[in-house]
Amino acid sequence: MSEPVVEAPKMDQAKSLLSGGFAGVATVLAGHPFDTLKVRLQTSNQYKGLVDCFKQTIAKDGLTGLYRGMTSPLVGVTPMFALSFWSYDMGQRMVYAATPKRTSKDLTMLEYAFAGGFSAVPTTIVTTPMERVKVVMQTQDQVKGGVKYTGMIDAGLGMFREGGISSLYRGTVATLARDIPGSAAYFVAYEWVYRMLRKDSENLSIGAVLFAGGMAGVAMWSIAIPPDVIKSRIQTAPKGTYSGFMDCGLKIVRNEGPGALFKGLGPALLRAFPANAAGFLGRAASLEVMHRLW
């Protein structure tokens, strides 16, 4: 007797998009100061380490200096995370569509990895220009000649005037190189840890969501730092400095040693747990509210 065929669970695309947006806002609010320190360490050699970078930033700009460039991710992160979680759900749909005779609705970790990696591709449409503006705003005071842009809109328009749409999308290959494997690790870590912690009788375990979300962030950034360093260099360097992803990576290693590819790992990992714990909790809480509303 053959096993019963299990249909793919129905996914509400509106809820997926909206909950992803809530996740993004929560992630930025919790993690942006760490992100500022990470980018500064990656793009300048004037700091001795994380603590020195923190001290210099506070001494020069005060606490508000840690939130410099936050407008860009706050504006961009809502559609970015919305796209990411929506694309993750679409990736799962693709898995179900490719396995019509499956006998279990539960995906394997490899299938979650595919869905997670796939989610990075459409999300890059928003991620690349948003991060291009963000890293330039975070580091422009390190460049000789002083501050160039007055805000996110001024920066975006200025980049467009200087180099067209390609200027805003500088670093796309590096973003994909970071986010495809990073997103695969991100969602696999969350699904695995959450399964281990959640009790079968619980609809929503806040503790499990927080810990699994935090570990998802740690898993992603543990492997994503080298391409992230390359992305930050490409996006902040003058046009023509690097011919591409590989050229940038080779020049960094040749001039500064392999360790330079791991600059910013400390603040990235410090940021990863609280920021992504907040993000997944924001998503789970907003989904709970939306499930009750419709």
Side-chain angles (χ1 to χ4, degrees), residues 28 31-73 76 127-152 154-156 158-159 162-163 167-168 170-175 177-178 221-222 224-272 275:
V28 172
H32 191 77
F34 297 103
D35 186 70
T36 297
L37 296 176
K38 172 182 71 70
V39 171
R40 284 172 171 260
L41 283 168
Q42 289 175 338
T43 57
S44 174
N45 293 317
Q46 73 183 68
Y47 308 111
K48 297 175 183 177
L50 174 60
V51 175
D52 182 51
C53 182
F54 174 79
K55 287 180 178 178
Q56 287 196 43
T57 302
I58 294 297
K60 185 176 181 181
D61 301 315
L63 283 173
T64 57
L66 295 173
Y67 288 89
R68 177 172 288 171
M70 191 174 74
T71 304
S72 175
T127 305
T128 302
M130 182 273 290
E131 293 208 355
R132 167 90 159 108
V133 170
K134 175 181 71 70
V135 298
V136 168
M137 291 295 297
Q138 287 173 322
T139 61
Q140 62 181 353
D141 65 323
Q142 298 173 171
V143 180
K144 290 182 180 179
V147 176
K148 187 177 183 181
Y149 300 115
T150 59
M152 180 193 73
D154 181 46
M159 291 173 199
E162 289 169 11
S167 177
L168 288 169
R170 185 188 300 173
T172 298
V173 172
T175 303
R178 180 194 68 180
W221 285 105
S222 294
I225 278 292
D228 187 61
V229 171
I230 295 171
K231 180 195 72 67
S232 293
R233 295 290 183 95
I234 290 172
Q235 291 185 323
T236 57
K239 185 178 180 181
T241 304
Y242 307 110
S243 61
F245 179 79
M246 291 300 297
D247 178 57
C248 181
L250 289 171
K251 283 182 177 176
I252 291 172
V253 172
R254 185 166 58 246
N255 297 331
E256 302 172 45
L261 290 174
F262 293 89
K263 280 187 174 182
L265 179 61
L269 292 179
L270 283 173
R271 169 189 178 273

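When all heavy atoms of Leu66 and Thr36 are compared, the closest pair comes out as O-OG1, 2.8 Å. Closest of all the heavy-atom pairs between Ala272 and Trp221 is CB-CD1, 3.9 Å. The minimum heavy-atom distance linking Cys248 with Arg233 is given by the pair SG-CB, 3.7 Å. Minimum heavy-atom separation, Met137 to Met152: CE-N, 4.4 Å. Scanning all heavy atoms of the two residues, the minimum distance from Asp154 to Lys148 falls at OD2-O, 4.1 Å. Shown here for Ile234 and Arg170, the closest heavy-atom pair between the two residues is O-CD, 3.0 Å.
The neighbour count for Tyr67 OH, taken as heavy atoms of other residues, nucleotides or ligands under 6.0 Å away, does not exceed 12.
How far CG of Leu50 is from CG of Leu270: 6.0 Å, rounded to the nearest 0.5 Å. Remark: Lys251 NZ to Glu256 CD distance equals 12.5 Å, nearest 0.5 Å. Of the inter-residue distances, the one linking Leu41 atom CG with Gln46 atom CD reads 9.5 Å to the nearest 0.5 angstrom.
Ser44 places no side-chain N or O within donor-acceptor distance of the main-chain N or O of Arg40, the cut-off being under 3.5 Å.
Evaluated for a side-chain hydrogen bond (donor to acceptor under 3.5 Å, both in side chains) with Asp52, the options Gln56, Lys48, Lys55 yield exactly one hit, Gln56. Looking at Asn45, Ile252, Asp228, Val39 one by one, the single match for side chain to side chain contact (heavy atoms under 4.5 Å, CB included) with Lys263 turns out to be Asn45.
Salt-bridge annotation for Asp35 and Lys38: present, with a side-chain N of the basic residue lying under 4.0 Å from a carboxylate O of the acidic one.
A side-chain donor-acceptor contact under 3.5 Å links Ser167 and Arg132. A donor-acceptor contact closer than 3.5 angstrom links the side chains of Gln235 and Lys231.
Using a 4.5 Å heavy-atom cutoff, the side chains of Phe245 and Pro227 are in contact.
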